[in-house]
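Presented below is the structure to which this report refers.
Note that this is a predicted model, so its numbers are computed, not measured.
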Amino acid sequence: MNGDIDGAVADLIAGLEAEPHGQVAPSVYETARLVSLSPWLGGHAERIAFLLQTQRADGGWGPPQGYALVPTLSATDALLATLRSTGPRAHRDHVAARLAPAVARSLQALTTWLRADLLVPDTPGADLIVPSLVAGINQHLARLEHLAVPCLEPWYGGRLGLPTGMDDGRLVRVRQAVAAGVDLPGKLVHFLEVLGPAARAAGIRPAGPGTVGASPAATAAWIGNNESGSSSNQALAHLATVAGGGPVPCPLPITVFEAAWVVSGLARAGIRVEVPPRIVESLRAALNPLGTPTGPGLPADSDTTAVALCALGHLGQPVDPGPLWAYETADGFCTWPGEDGWSVTTNAHVLDAFGQHVSSGVDPEPRYMAAIDRLTVALQERQQPDGQWRDRWHASPYYATMCCALALQDFGRGPTPVDAVARAVDWVLSTQRADGSWGRWDGTAEETAYALQVLLAARPRADEVQAAARRGYAYLCETAGREPAPPLWYGKELYRPLAIVRAAVLAALHLVRQRHDITAATVTTTAPKPRQAASKPVIRDA
């Protein structure tokens, strides 16, 4: 393999140490929440500038379709809060001249969407976040008159409604429960900002480096008006570190999630990865009887647990997958107890973890084999008629299809997984774009990488696969690292875990080169040089 991929992988692994909180692209939703909640925090002007720069021509923010609702509501609320909180008249007029046109465009977009029965995707916490932000915007709209800004006059006293089928019932119940002293479930701490002033009364304490809920917005809501105390000081220090440059990402920290997905993704593609001992130990230390969370401040989940187990197995540090049994249900495995819905990617990753455990030579308990059989059937039952899979943790069917196809290809039992994987390959072949890419909305390097891994796992030598793989490879070499990179991962809004996406692209490039003897092209997807790395890892091709 050429040195450019080797160097990119080395930089990627080194970055896991250099960026201990993780590498995530800035979030419109989260950045806007800090504008509203913490205008006293360093980087405030830069956060407002980020919101203005990232507004779309149609007045919205974020990805296409209903995925734009949450970031657009958050940014609109933040800009309205800034307009209302400015001081002397001259300063207020200056701020209004900058912000009011953006607010007017966003209000027009929101009004149009909500009147058109916009379909709201099932992103985490949407039924809490959307009612909370709509109520906040309506409070601002009721008090716009004092601004005397012509472009906002149509909105004086205005009121936004909720999307069809959504109400504020769950938000009201959560706020009432917290007011009554009921402990907030761990998974809701990530959304602490929806509680308003009650956030500090929720009985929560910062975790790890000082984060609350692995979220700058939740941390800012918990801090409130910058109260004193050791816990507040810890949270303030963490928030200042994360937000000092202006825009902030979410989720953060993603320590275990990032390391697990990067290591397992590279290793599965045949890249032998020797990571620094600290990374290995951090993955082992994160595991407990209930598994591991994505990072400090979040509850444990079976998805992160399964991939962390696979990563440790690839690193020659296998751990018994027993913690995953805590998530077993009648239908398979939940991401966390009480999950609404069923995730094909979570169950595919559990199949990977159990399959790797069984394949390691350890004499497994019979229930491991029974679970593998159940998961093999369950994943096939949820395959779409055209061969793809879709999931609730990623907006692209190419990610879900890769997770399911690879799990069934490597660890599915019986004759039928072969047919399911073949249908997935046929679907991928049928959806390649003219420029060689794949993607839900437009072609992207990330989705092209997932598609290539499906093709090369199942029929790497078939003529049509070879031709498609070469076109996809050419697209990656030409555009990866330079294309507009949309967020596709489910969080409060869609987000982009940078290191994980880079690992997927590098894995795909390696697979194409390895299986088609391609050595000449230059790769443009090298990761940014880390600020500081404690030790340089040794990484060799398999």
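Atom-to-atom distance recorded for Arg390:CZ and Cys404:SG is 12.5 Å, nearest 0.5 angstrom. Rounded to the nearest 0.5 Å, atoms CD (Glu258) and NE2 (His21) are 11.5 Å apart. How far OG1 of Thr416 is from CG of Leu408: 8.5 Å, rounded to the nearest 0.5 Å. To the nearest 0.5 Å, atoms CG (Leu509) and SG (Cys477) are separated by 5.5 Å. How far SG of Cys403 is from CG of Asn347: 11.5 Å, rounded to the nearest 0.5 Å. Separation of atoms CD (Gln514) and CD1 (Ile5) is listed at 10.5 Å; rounding is to 0.5 Å.
Between Tyr399 and Trp389, a ring centre-to-centre spacing not shorter than 6.0 Å is recorded. Residues Tyr29 and Trp61 keep their aromatic ring centres 6.0 Å or farther apart. The aromatic ring centres of Trp261 and His349 sit less than 6.0 Å apart. Side-chain rings of Phe333 and Tyr327 stay apart, their centers remaining 6.0 Å or farther from each other. For an aromatic pair to be called close, the ring centres must be under 6.0 Å apart, and Tyr67 with Tyr490 satisfies this.
Taking 4.0 Å as the cut-off between side-chain N and carboxylate O, Arg105 and Asp58 do not count as a salt-bridged pair. The residues Asp410 and Arg268 are annotated as salt-bridged, a charged nitrogen and a carboxylate oxygen being separated by less than 4.0 angstrom. Taking a cutoff of 4.0 Å between a charged side-chain nitrogen and a carboxylate oxygen, Arg440 and Glu447 do not qualify as a salt bridge. At a threshold of 4.0 Å, the pair Asp463-Arg470 does not count as salt-bridged, since none of the basic side-chain nitrogens sits closer than that to a carboxylate oxygen.
A donor atom on one side chain and an acceptor atom on the other are not found under 3.5 Å apart for Thr335 and Ser343. Side chain to side chain, His394 and Glu446 meet the donor-acceptor criterion of an N or O pair below 3.5 Å. Counted by atom type alone, Ser215 and Glu30 present one or more donor-acceptor pairs between their side chains at under 3.5 Å. No side-chain N or O of Ser360 forms a donor-acceptor pair with one of Gln356 less than 3.5 Å apart. No side-chain donor from either of Thr448 and Ser437 sits under 3.5 Å from a side-chain acceptor of the other. Under the 3.5 Å distance criterion, with hydrogens and angles disregarded, a donor-acceptor pair is assigned to the side chains of Asp386 and Gln388.
In terms of modelled atom types and a separation under 3.5 Å, the side chain of Arg382 and the main chain of Ala378 share a donor-acceptor contact. Judged by distance alone, with hydrogens and angles left aside, the side-chain atoms of Lys187 form no donor-acceptor pair with the main-chain N or O of Ala300 at under 3.5 Å. Remark: side-chain polar atoms of Thr346 are not paired, donor with acceptor, to backbone N or O of Asp303 under 3.5 angstrom. In this structure, Ser302 contributes its side chain and Cys334 its backbone to a donor-acceptor pair below 3.5 Å. In this structure, Arg392 contributes its side chain and Val344 its backbone to no donor-acceptor pair below 3.5 Å. With hydrogens and angles disregarded, a donor-acceptor distance shorter than 3.5 Å links the side chain of Ser359 to the backbone of Gly355. The main-chain N or O of Trp427 is found under 3.5 Å from a side-chain atom of Ser430 such that the two form a donor-acceptor pair. Thr305 contributes no side-chain N or O that, together with a main-chain N or O of Leu324, makes up a donor-acceptor pair within less than 3.5 Å.
Summarising the geometry of Thr376 relative to Pro417, their closest heavy-atom pair is CG2-CG, 3.5 Å, with the distance given to 0.1 Å. Summarising the geometry of Gly59 relative to Ala109, their closest heavy-atom pair is C-CB, 4.2 Å, with the distance given to 0.1 Å. Nearest approach of Pro124 to Phe191, heavy atoms of both residues: O-CE2, 3.4 Å. The minimum heavy-atom distance linking Gln453 with Leu406 is given by the pair O-CD1, 3.7 Å. Taking both residues in full, the closest heavy atoms of Gln383 and Ala420 are given as NE2-O, 2.9 Å, listed atom of the first, atom of the second, then distance. Pairing each heavy atom of Val130 with each of Pro163, the nearest pair is CG1-CD, 3.9 Å.
No cation-pi contact links Arg433 to Trp438, judged by a cut-off of 6.0 Å to the six-membered ring centre and 45° from its axis.
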Self-check item: Worked verdict on Thr345 versus Asp391 for side-chain hydrogen bond (donor to acceptor under 3.5 Å, both in side chains)
Solution: CA-CA 7 Å; Thr345 60; Asp391 192 53; 2.6 Å; yes
Exercise. Walk me through it: do Asp6 and Arg272 pass the test salt bridge (Lys or Arg N to Asp or Glu O under 4.0 Å)?
Key: CA-CA 11 Å; Asp6 286 332; Arg272 188 163 48 209; over 6 Å; no
Practice problem: Begin from the C-alpha positions of Trp393 and Trp336 and carry the test ring pair (Phe, Tyr, Trp, His ring centres under 6.0 Å) through to its verdict. | Solution: CA-CA 13 Å; Trp393 297 124; Trp336 57 72; 5.5 Å; yes
Exercise. Give the intermediate values and the outcome of side-chain contact (heavy atoms from CB on, under 4.5 Å) for residues Ile279 and Leu315.
Key: CA-CA 11 Å; Ile279 300 297; Leu315 293 171; 6.0 Å; no
Quiz prompt | Chi angles and distances behind the side-chain hydrogen bond (donor to acceptor under 3.5 Å, both in side chains) call for Thr304, Asp301 | solution = CA-CA 6 Å; Thr304 309; Asp301 69 84; 2.9 Å; yes
Practice problem: Quick one: do Leu16 and Val275 satisfy side-chain contact (heavy atoms from CB on, under 4.5 Å)? Show the steps, please. | Solution: CA-CA 9 Å; Leu16 300 182; Val275 303; 5.6 Å; no
Exercise. Please assess Arg33 against Asp77 for the test salt bridge (Lys or Arg N to Asp or Glu O under 4.0 Å), listing each intermediate value before the final yes or no.
Key: CA-CA 8 Å; Arg33 292 304 81 224; Asp77 176 84; 2.9 Å; yes
Quiz item: Can you check side-chain contact (heavy atoms from CB on, under 4.5 Å) on Leu52 and Arg98, steps first, answer last?
Solution: CA-CA 9 Å; Leu52 295 176; Arg98 292 177 58 228; 3.7 Å; yes
Quiz item: Do Trp489 and Ile500 pass the side-chain contact (heavy atoms from CB on, under 4.5 Å) test, and can you show the C-alpha distance, the side-chain angles, and the key distance before you say yes or no?
Solution: CA-CA 11 Å; Trp489 294 71; Ile500 292 171; 3.8 Å; yes
Exercise. Could you check Gln108 against Thr112 for side-chain hydrogen bond (donor to acceptor under 3.5 Å, both in side chains), going step by step and ending with a plain yes or no?
Key: CA-CA 6 Å; Gln108 181 59 61; Thr112 301; 3.2 Å; yes
